[in-house]
Amino acid sequence: MSLYNQMDRFPKIGMVFRMPELPEVETVVRTLKKLVLNKEIESVDVYWDNIIATPQLEAFKQAVIGQKIIDISRRGKYIIFNLTSKTLISHLRMEGKYFVYDNDVKKDKHSHVIFKFSDNGQLHYNDTRKFGKMYLYDESEALKILANVGLEPWDKNLKATYLKRKAKNRRITIKQFLLDQSVISGIGNIYVNEILFLTNLHPETIVNTISTLKFNQIITTTQAVLQEAIDQGGTTIRSYTSSLGVSGLFQQSLNVHNLAGSPCPVCSSEIIKITVAQRGTYLCPSCQRKK
DNA sequence: AGTACTACCCGAACGC
DNA sequence: TGCGTTCGGGTAGTAC
């Protein structure tokens with residue numbers, strides 16, 4: 001399949017992330033920092049109440065008005081907006097995305113929260129599936145909640161011994177374990193499939209049977225896979241920052257995800273799709289044998 | 001405590 | 001301009 005055809009699978013409006021995991025969220029954060037830092041929120045319009053998880057809608061609106069965006073960062077898959085005296089946390093879930101505009105525009109059908117800035121610019125939260133959530137906290141409260149998120153993939157405390165301890169006495173599969181955001185934060189369904197392929201692990205391997213050596217391999221592979229994706233996002237983002245501020249994952253760089261029926265890039269066996277914990281799971285049955 | 005299941009959503013894909 | 005059904009996926013909540 002040509003590159004052109006692959007690009008064509010993305011939605012019509014620019015290149016937009018589907019299933020944003022850590023690298024995509026990181027790219028969104030970097031882009032937003034370029035576009036909306038230091039802007040003051042003059043008003044906010046909410047078109048789908050359930051996006052606002054906390055506090056109650058009216059309290060959320062009242063608290064956010066007049067706040068300035070001081071900093072934007074990321075923790076796992078959470079986007080953190082440090083406002084003047086509040087912390088706005090945003091999770092994109094499946095298809096959440098942000099559009100930035102210089103002027104007033106007619107909103108897209110799927111834009112559900114619109115922040116209007118004092119300089120007439122706007123930040124639109126757009127989410128086809130309406131799965132995403134926003135949380136507004138006092139700073140101390142936000143820190144408390146974020147402390148419960150698992151280790152970042154590059155945290156110096158992320159070691160095989162840590163994973164061994166977390167896996168002890170647990171009977172879940174390695175796939176479920178790596179998707180557990182309280183262990184490592186940021187891995188989603190696409191990259192977990194890739195990480196397990198690159199480490200030659202069957203996704204249904206029971207996690208407490210995994211060796212220290214293998215956990216070390218998982219850590220280095222996770223870091224490499226996520227870093228590569230961030231780097232790709234970083235290279236594609238430049239041409240889009242002026243318009244929508246979004247970018248796409250280059251799916252042609254994936255080895256197994258969404259590639260059932262294709263040959264394994266290592267051994268040419270046919271990649272299969274199975275279901276693990278109700279998630280679509282792609283693997284090479286030859287490279288990833290069940291132990 | 002750990003595990004499993006479900007709700008939340010709706011566009012795409014599929015079956016007829 | 002076909003219509004009805006099924007699927008998927010991250011996290012929170014619930015049940016055991």
Side-chain angles (χ1 to χ4, degrees), chain A residues 5-6 8-13 16-26 28 46-55 57 74-80 89-97 108-113 125-137 142 144-150 152-153 163-196 203-210 226 229 249 251 254 256-261 272-282:
Chain A
N5 285 334
Q6 298 227 0
D8 217 37
R9 293 198 307 235
F10 289 106
K12 294 283 184 282
I13 311 168
V16 176
F17 292 130
R18 305 186 66 183
M19 269 169 59
E21 302 185 25
L22 186 152
E24 291 75 28
V25 175
E26 176 66 24
V28 168
V46 179
Y47 296 91
W48 190 262
D49 298 2
N50 283 351
I51 302 287
I52 311 300
T54 188
L57 185 58
R74 176 192 62 72
R75 183 75 174 83
K77 300 176 202 169
Y78 292 95
I79 298 170
I80 304 161
I89 299 177
S90 165
H91 197 299
L92 305 176
R93 296 278 183 105
M94 305 299 305
E95 296 195 22
K97 51 196 85 78
D108 179 81
K109 178 185 174 190
H110 302 297
S111 288
H112 308 304
V113 182
Y125 176 72
N126 185 289
D127 189 345
T128 311
R129 295 281 185 276
K130 299 174 174 169
F131 263 29
K133 297 285 178 207
M134 287 186 197
Y135 314 78
L136 187 72
Y137 298 115
K144 214 184 302 172
I145 282 161
L146 292 170
N148 295 324
V149 179
E152 289 289 318
L163 293 179
K164 266 280 192 192
R165 180 159 47 80
K166 285 281 190 182
K168 204 179 175 192
N169 297 330
R170 299 196 68 182
R171 302 291 302 164
I172 54 171
T173 63
I174 181 60
K175 171 155 187 177
Q176 290 169 286
F177 185 73
L178 292 178
L179 286 174
D180 183 343
Q181 303 297 301
S182 72
V183 179
I184 303 175
S185 60
I187 303 171
N189 198 45
I190 295 177
Y191 294 121
V192 75
N193 284 330
E194 294 299 304
I195 291 162
L196 293 173
E204 289 175 314
T205 307
I206 299 301
V207 73
N208 71 357
T209 67
I210 291 176
L226 299 182
L249 169 72
Q251 301 213 352
L254 300 176
V256 290
H257 184 82
N258 216 11
L259 290 169
I272 59 166
K273 181 183 184 184
I274 63 172
T275 299
V276 179
Q278 298 164 311
R279 293 283 173 271
T281 302
Y282 301 85

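Chain letters run A, B, ... following the sequence lines, proteins first and then strands; every chain starts at 1.
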Euclidean distance, atom OH of residue Tyr282(A) to atom C1' of dG9(C) [Å, nearest integer]
11 Å

Sugar-phosphate only, base, or nothing, as touched by Lys273(A) at under 4.0 Å among non-hydrogen atoms:
sugar-phosphate

For Lys166(A), which residues count as a side chain to side chain contact (heavy atoms under 4.5 Å, CB included) partner, sequence neighbours excluded?
Tyr162(A), Phe177(A), Val183(A)

Report the distance from atom CG of Asn148(A) to atom P of dG10(C), rounded to the nearest whole Å.
21 Å

Excluding sequence neighbours, so at least two apart, what forms salt bridge (charged side-chain N to carboxylate O under 4.0 Å, His left out) with Asp180(A)?
Arg170(A)

Which atom pair, heavy atoms only, marks the closest approach of Tyr191(A) to Ala229(A)?
OH-CB, 3.2 Å

From NZ of Lys133(A) across to P of dC8(B) the rounded distance in Å is 10 Å

Under the ring-ring contact (aromatic ring centres under 6.0 Å, His included) rule, collect the residues that match up with His110(A), sequence neighbours excluded.
none

Tabulate protein N/O versus nucleotide N/O from nucleotides 11-13 of chain C, keeping only pairs under 3.5 Å, one per line.
| unit_1 | atom_1 | unit_2 | atom_2 | d |
| --- | --- | --- | --- | --- |
| dT11(C) | OP1 | His91(A) | NE2 | 2.8 |
| dT11(C) | OP2 | Lys77(A) | NZ | 3.4 |
| dT11(C) | OP2 | Gln181(A) | NE2 | 3.4 |
| dA12(C) | OP1 | Tyr78(A) | OH | 3.2 |

Name the pairs: protein N/O against N/O of nucleotides 1-4 of chain B, kept only if under 3.5 Å.
| unit_1 | atom_1 | unit_2 | atom_2 | d |
| --- | --- | --- | --- | --- |
| dT3(B) | OP1 | Arg171(A) | N | 2.3 |
| dT3(B) | OP2 | Arg170(A) | NE | 2.7 |
| dT3(B) | OP2 | Arg170(A) | NH2 | 3.1 |

Net bend of the helix from dG2(B)-dC16(C) to dC16(B)-dG2(C), end axes of five pairs each, nearest 10 degrees
50°

According to salt bridge (charged side-chain N to carboxylate O under 4.0 Å, His left out), who are the partners of Arg75(A), at least two apart in sequence or on a separate chain?
Glu152(A)

Residues in side chain to side chain contact (heavy atoms under 4.5 Å, CB included) contact with Tyr137(A), at least two apart in sequence or another chain
Thr54(A), Ile89(A), Tyr135(A), Glu141(A), Ala142(A), Ile145(A)

Using a 4.0 Å heavy-atom cut-off across all strands, classify Asp127(A) as base, sugar-phosphate, or nothing.
nothing

Under 3.5 Å: donor-acceptor pair, side chain of Glu194(A), backbone of Leu254(A):
no

Kindly write out the residues that satisfy side chain to side chain donor-acceptor pair (under 3.5 Å) with Gln176(A), not counting sequence neighbours, or none if the list is empty.
Thr173(A)

Considering only heavy side-chain atoms of Asn189(A), the closest of dG10(C), dC8(B), dG8(C) is dG10(C)

Please report the distance, rounded to the nearest Å, between CD1 in Ile190(A) and P in dG8(C).
14 Å

Whole angstrom is fine here: how far is it from CG in Asn126(A) over to P in dC9(B)?
16 Å

Among the candidates dG11(B), dG10(C), dC10(B), find the nucleotide nearest to the side-chain atoms of Met94(A).
dG10(C)

The side chain to side chain contact (heavy atoms under 4.5 Å, CB included) partners of Lys144(A) (sequence neighbours excluded) come to none

Partners passing ring-ring contact (aromatic ring centres under 6.0 Å, His included) against Tyr78(A) (at least two apart in sequence or in another chain)
His91(A)

Which residues pass the side chain to side chain donor-acceptor pair (under 3.5 Å) test with Ser111(A), not counting sequence neighbours?
Asn126(A)

Considering every strand and a 4.0 Å limit on heavy-atom distances, what is the contact class for His110(A): base, sugar-phosphate, or nothing?
sugar-phosphate

Which whole-number value in Å describes the distance from Arg129(A) CZ to dC10(B) C1'?
5 Å

From NZ of Lys130(A) over to C1' of dG9(C), roughly how many Å is that when rounded to an integer?
17 Å

Within-4.5 Å side-chain heavy-atom neighbours: Leu92(A) and Ile79(A)
yes

